Q: 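Dropping the structure in here first, questions after.
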Amino acid sequence: MKKKRGTALTVMFSVIAVIYILPLFIVLMNSFKENTYVKTETFAWPTRDSFVGWANYLKGLTFGNYPFLKSVLFSFLITVLSTALILICTSMAAWYIARVNTVFCKVCYYLFVFSMVVPFQMLMFTLAKTADTLKLNTPWTIPIIYLGFGAGMAVFMFTGFVKSLPLEIEEAAAIDGCGPIRTFFVVVLPMLRPTLISIAILEIMWIWNDYLLPYLVLDRTKYMTIPIHIQYLQGSYGSVDLGAIMALITLSIIPVIVFYLTCQKYIIKGVAAGAVKG
């Protein structure tokens, strides 16, 4: 009975996996087709007439006056800065909340948790206006906004993990003469590694693929991330080259897929450590 049940679950999850992978495969397949055939034969395998080789990739990389590699650079810069800022600030905040058991800390914790359920659409217009006023509309300042949106989940996971850490280790560090800052970076932060890695993976996947926030905040005449660049991949009279778009989408998702497959084992470990313990 258990063997049949296990087989049924294997088949079911295999079907689900194929359903999730299928859109990625269709994008990859259409990236090698001529534009007309992408529209008319979307789900068909490339034929001798529709196959164009690497032409779509070359066209996508050289289309327009804004180079695609520049968009890659801005996406990479925003992703790295935002993720680093989220990890450092939220881990310190979570450590303080977990160790200083006051009403103020409890209120802050629940505010962080509440921010996870607030829809972005409720505040996006106010946010765009505020970002323009405070000059947060550049790749070097938009990480501050990402910090606000990414703090809720990160603080929630970090706090749960910090509560599971033995307090005696930090007390021993204090006896040896470590101040709070040194204790955090030398003693606490290395022990947060599982949750640190899992949060970094989740934040990187979110920020790299994010379209709406950079679109609302950044000055698109100067700065474009990869999703915005793909959206502007249009020809004269609003015509859209779907083959080139599919090619750029493929290039944009490859780094995230490789990164995720490399680090996926840390996600479940970090989520379980941060959300279950404490």
Side-chain angles (χ1 to χ4, degrees), residues 78-124 126-127 129-131 133-134 136 140-207 210 213 217 263 266-278:
I78 292 172
T79 302
V80 171
L81 292 179
S82 301
T83 304
L85 190 63
I86 290 172
L87 292 178
I88 294 298
C89 294
T90 58
S91 59
M92 295 180 73
W95 180 55
Y96 183 84
I97 290 172
R99 293 298 186 235
V100 182
N101 190 19
T102 62
V103 175
F104 173 75
C105 291
K106 290 181 179 179
V107 171
C108 288
Y109 174 74
Y110 286 115
L111 287 175
F112 279 117
V113 174
F114 176 74
S115 68
M116 296 169 60
V117 300
V118 177
F120 177 76
Q121 290 78 4
M122 288 182 59
L123 43 83
M124 61 182 184
T126 305
L127 174 65
K129 183 177 179 61
T130 304
T133 303
L134 299 178
L136 300 178
W140 299 273
T141 53
I142 196 175
I144 298 175
I145 302 177
Y146 274 114
L147 172 62
F149 284 103
M153 181 190 68
V155 169
F156 172 72
M157 293 178 61
F158 275 129
T159 303
F161 189 76
V162 170
K163 288 180 180 179
S164 69
L165 299 178
L167 185 60
E168 291 77 10
I169 299 178
E170 298 170 34
E171 293 174 346
I175 294 175
D176 290 339
C178 291
I181 296 179
R182 187 178 177 186
T183 299
F184 174 76
F185 284 102
V186 176
V187 178
V188 178
L189 195 60
M191 292 190 293
L192 293 177
R193 184 171 176 267
T195 306
L196 203 70
I197 296 175
S198 62
I199 292 176
I201 295 170
L202 297 174
E203 300 292 354
I204 287 172
M205 293 176 63
W206 162 50
I207 297 171
D210 188 29
L213 182 57
V217 173
C263 305
Y266 296 104
I267 293 182
I268 297 177
K269 185 189 299 184
V271 171
V276 176
K277 293 184 180 179

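Residue numbers count from 1 along this sequence. Quick caveat, the model's predicted, so the values are computed rather than measured.
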Q: What closest approach, in Å, do Leu87 and Ala200 show between heavy atoms, and which atom pair accounts for it?
A: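 Heavy-atom minimum between the residues: CD1-CB, 3.8 Å.
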Q: With sequence neighbours excluded, what pairs up with Leu127 under the side chain to side chain contact (heavy atoms under 4.5 Å, CB included) test?
A: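 With neighbours one apart ignored, the set is Phe120, Ile145, Phe149, Leu213.
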Q: Within the 4.5 Å heavy-atom criterion, are Cys89 and Leu147 side-chain neighbours or not?
A: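 Yes - at least one pair of side-chain heavy atoms lies under 4.5 Å apart.
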Q: Quick one: CZ on Phe112 to OG on Ser115, what's the gap to the nearest 0.5 Å?
A: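 These two atoms lie 7.5 Å from each other.
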Q: Looking at side-chain heavy atoms only, is the closest gap between Thr141 and Leu134 below 4.5 Å?
A: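 When only atoms from C-beta onward are counted, Leu134 and Thr141 do not touch, as no gap falls below 4.5 Å.
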Q: Quick check: closest heavy atoms across Met92 and Phe184, and the distance to 0.1 Å?
A: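 Here Met92 and Phe184 meet closest at CG-CE2, 3.3 Å.
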Q: Any side-chain heavy atom of Asn101 within less than 4.5 Å of one from Lys106?
A: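 Counting from C-beta outward, Asn101 and Lys106 do come under 4.5 Å.
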Q: Which atom pair, heavy atoms only, marks the closest approach of Phe156 to Met116?
A: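 The pair with the smallest heavy-atom distance is CB-SD, 4.3 Å.
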Q: Do you know which two heavy atoms are closest between Lys163 and Arg99, and how far apart they sit?
A: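 The pair with the smallest heavy-atom distance is CA-NH1, 4.4 Å.
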Q: Provide the closest heavy-atom pair for Glu203 versus Gly150 in the form atom of the first, atom of the second, distance.
A: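 What the structure gives for the nearest pair is OE2-O, 3.4 Å.
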Q: State, to 0.1 Å, how close Pro190 and Phe185 come at their nearest heavy-atom pair, and which atoms those are.
A: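 Here Pro190 and Phe185 meet closest at CD-O, 3.6 Å.
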Q: Using side-chain heavy atoms (C-beta onward) and a distance below 4.5 Å, is Leu81 in contact with Leu85?
A: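 No, side chains not in contact.
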Q: Any side-chain heavy atom of Thr195 within less than 4.5 Å of one from Val162?
A: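 No - every pair of side-chain heavy atoms lies 4.5 Å or more apart.
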Q: May I have all residue pairs that pass side-chain hydrogen bond (donor to acceptor under 3.5 Å, both in side chains) and include part of residues 81-95, sequence neighbours excluded?
A: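 Sorted pair list: Trp95-Glu170.
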Q: State the CE-CG distance between Met157 and Leu196, to the nearest 0.5 angstrom.
A: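 If I round to the nearest 0.5 Å, the distance is 10.0 Å.
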Q: So do the side chains of Ile207 and Ile86 get within less than 4.5 Å of each other, counting heavy atoms only?
A: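 When only atoms from C-beta onward are counted, Ile86 and Ile207 do touch, with a gap below 4.5 Å.
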Q: Quick one: list whatever passes side chain to side chain contact (heavy atoms under 4.5 Å, CB included) with Cys105, sequence neighbours left out.
A: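 Here the qualifying residues are Tyr96, Ile97, Val100, Thr102.
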